[in-house]
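Chain letters run A, B, ... following the sequence lines, proteins first and then strands; every chain starts at 1.
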Protein chains: 2
Amino acid sequence: MTIRVVVAEDQSAVRAGLVLILGSSPEIEVVGEAADGEQAVELARELRPDLVLMDIQMPRMDGVSATRQVVAEGLADVLVLTTFDLDEYVFGALRAGASGFLLKNTDAKELIEAVRTVARGEGLIAPAVTRRLIAEFAAPRPVRSPDAPDPAVLDVLTRREREVLSCLGQGLANAEIAVRLEMAEATVKTHVSRLLGKLELRSRVQAAVLAQELGV
Amino acid sequence: MTIRVVVAEDQSAVRAGLVLILGSSPEIEVVGEAADGEQAVELARELRPDLVLMDIQMPRMDGVSATRQVVAEGLADVLVLTTFDLDEYVFGALRAGASGFLLKNTDAKELIEAVRTVARGEGLIAPAVTRRLIAEFAAPRPVRSPDAPDPAVLDVLTRREREVLSCLGQGLANAEIAVRLEMAEATVKTHVSRLLGKLELRSRVQAAVLAQELGV
DNA sequence: CCGGCGGTACATCGAAGGATGCAGTCGCGG
DNA sequence: CCGCGACTGCATCCTTCGATGTACCGCCGG
């Protein structure tokens, strides 16, 4: 059984080279060529290849979006091929569902081997980027929410106010905060009131939520 | 410049095989052999090799812990080698800072190539596990905090109470909740009071914090 | 020296929150 | 049908909260 491949790459010379390389292997058959992302998705829909070899930089629809589309529709596995190993490309492509990520400096033999590997249902990543992938994976950066409660807002608060805010984030009542911070309950109220004003909040509940989001 | 390697593997026969394979390459020199994790760390400290080839299953100190130690002290890169591609091994090893992850069914030539790759500062992962790594990476599962506020607690709440809790999590006041859920403020208070009791909380603030942690 | 300013602190008072008692509704097994 | 329990709903009463006014301290520049 041959591996049916669609090659998506906007530079025709490079595309021709890829086709040539892949065609040189008896078990690989290039069944289609696309010059942009949209064409790649269309061809994948029509031809149902085993694999799409996808460039990142392409007109009309970039490779990452095309990859997302192809994977979402379950049309084929995607092996991404690009010149630059920028993080945004790598992570973007992988999040989009790519099964592999190669750099264009890969030589012919490795490329063919890569296609076979991915077709086997395995994954493959260029060694040069593997390390950064591992690093990214190993250090799960705290999920900075898109709604991004800016930590800078804390700058407007005084030390005491930040301490009180921290207590609020733990769900403490004014009396409890007073004990913990060693001041009168009335004073706690003052600080609460002040920080509510500065942060433009309307109740301690909102302050607590904010404190949570900020991880205070 | 030769690549100086420490081999850590408890089964002496396997270890001998690895040493033989690595030694067959002119640019690789096996400078030490360890039969358990502690020895591996000690040897790494003494010999400062370029790379430690580390088995996962070892007595006294498992490979993951040893890897963490070696990497933390900046002693050497670590290439993990194991028989089983269990997720816990893979992810554990990578989080511990391993630069590569190979299965023992890797043949001699690939092993040597892998050592060279890692020594170059690149990363390397067995194709069979790469796909799962990608999947794990692409689907950033919500970081289940270790303090684990059990989502099951919500089971004790009625539909209405959950709705109110959700509003609390957004920092709304009783009057606002009343409008949103179309009931009297007095009723909102009832629900708040009830859910506080069921969840063993002492104020709406704590409820709001909990709602946050649960992502309600 | 002193007047202003920011941080901290406390007291007072109206508003919001929370506990409690009770009533209407629905579904279920006797 | 009836009793029972779970859910939802509202009203009353006491507590906590939050806004506001005031006061003390330390610091700075005039």
Exercise. Figure out the CD/C1' separation between A:Q206 and D:dC17, and round it to whole Å.
Key: 14 Å
Exercise. Calculate the interatomic distance between B:H191 atom NE2 and D:dA6 atom C1'; express it in whole Å.
Key: 13 Å
With 3.5 Å as the limit, what N/O pairs link the protein to nucleotides 19-22 of chain D?
{"residue": "D:dA19", "atom": "OP2", "partner": "A:S193", "partner atom": "OG", "Å": "2.1"}

Quiz item: Of all residues at least two apart in sequence or in a different chain, which pass the side chain to side chain contact (heavy atoms under 4.5 Å, CB included) check with B:L196?
Solution: B:V192, B:L201, B:A207
Self-check item: Check: B:G121 main-chain N/O paired with A:R131 side-chain donor or acceptor under 3.5 Å
Solution: yes
Quiz item: Between B:T187 and D:dT8, does any side-chain N or O lie under 4.0 Å from OP1 or OP2?
Solution: no
Quiz prompt | Close side-chain approach of A:I3 and A:E29, heavy atoms under 4.5 Å | solution = no
Quiz item: With a 4.5 Å heavy-atom cut-off, do A:M54 and A:L79 have their side chains touching?
Solution: no
Quiz item: Listed by chain and number, what are the salt bridge (charged side-chain N to carboxylate O under 4.0 Å, His left out) partners of A:R4, not counting sequence neighbours?
Solution: none
Practice problem: Kindly state each residue pair satisfying salt bridge (charged side-chain N to carboxylate O under 4.0 Å, His left out) with at least one member in residues 160-180 of chain A, sequence neighbours excluded. | Solution: A:R160-A:E163, A:E161-A:K198, A:E176-B:R202
Self-check item: Rounded to 10 degrees, the angle between the two terminal axes of the helix from C:dC1-D:dG30 to C:dG30-D:dC1, each from five pairs
Solution: 20°
Quiz prompt | Boundaries of the chain A footprint along DNA chain C (any atom under 4.0 Å from a heavy atom) | solution = C:dG7 to C:dA11
Quiz item: Which residues within residues 158-178 of chain B lie with some heavy atom under 4.0 Å of an atom in DNA chain C?
Solution: B:A173, B:N174
Practice problem: Report yes if some heavy atom in the side chain of B:D50 is under 4.5 Å from a heavy atom in the side chain of B:D77; otherwise report no. | Solution: no
Quiz item: B:S203: what forms a side chain to side chain contact (heavy atoms under 4.5 Å, CB included) with it, not counting sequence neighbours?
Solution: B:V205, B:Q206
Return a table of donor-acceptor pairs under 3.5 angstrom between the side chains of residues 60-72 of chain A and protein atoms on other chains or two or more places apart.
{"residue": "A:R60", "atom": "NE", "partner": "A:D36", "partner atom": "OD2", "Å": "3.1"}
{"residue": "A:R60", "atom": "NH1", "partner": "A:E38", "partner atom": "OE1", "Å": "3.4"}
{"residue": "A:R60", "atom": "NH2", "partner": "A:E38", "partner atom": "OE1", "Å": "3.3"}
{"residue": "A:D62", "atom": "OD1", "partner": "A:S65", "partner atom": "OG", "Å": "2.8"}
{"residue": "A:D62", "atom": "OD2", "partner": "A:V64", "partner atom": "N", "Å": "3.0"}
{"residue": "A:D62", "atom": "OD2", "partner": "A:S65", "partner atom": "N", "Å": "3.3"}
{"residue": "A:T67", "atom": "OG1", "partner": "A:G63", "partner atom": "O", "Å": "2.6"}
{"residue": "A:Q69", "atom": "NE2", "partner": "A:E73", "partner atom": "OE2", "Å": "2.8"}

Quiz item: Can you list every pair that meets salt bridge (charged side-chain N to carboxylate O under 4.0 Å, His left out) and has a residue in residues 114-123 of chain B, with sequence neighbours left out?
Solution: B:E27-B:R116, B:E113-B:R116, B:R120-B:E122
Practice problem: Return the set of residues passing side chain to side chain donor-acceptor pair (under 3.5 Å) with B:D10 (not counting sequence neighbours), or none when no residue passes. | Solution: none
Quiz item: Do A:L157 and A:V164 come close enough that some side-chain heavy atom pair is under 4.5 Å?
Solution: no
Quiz item: Can you list every side-chain hydrogen bond (donor to acceptor under 3.5 Å, both in side chains) pair that touches residues 182-195 of chain A, not counting sequence neighbours?
Solution: none
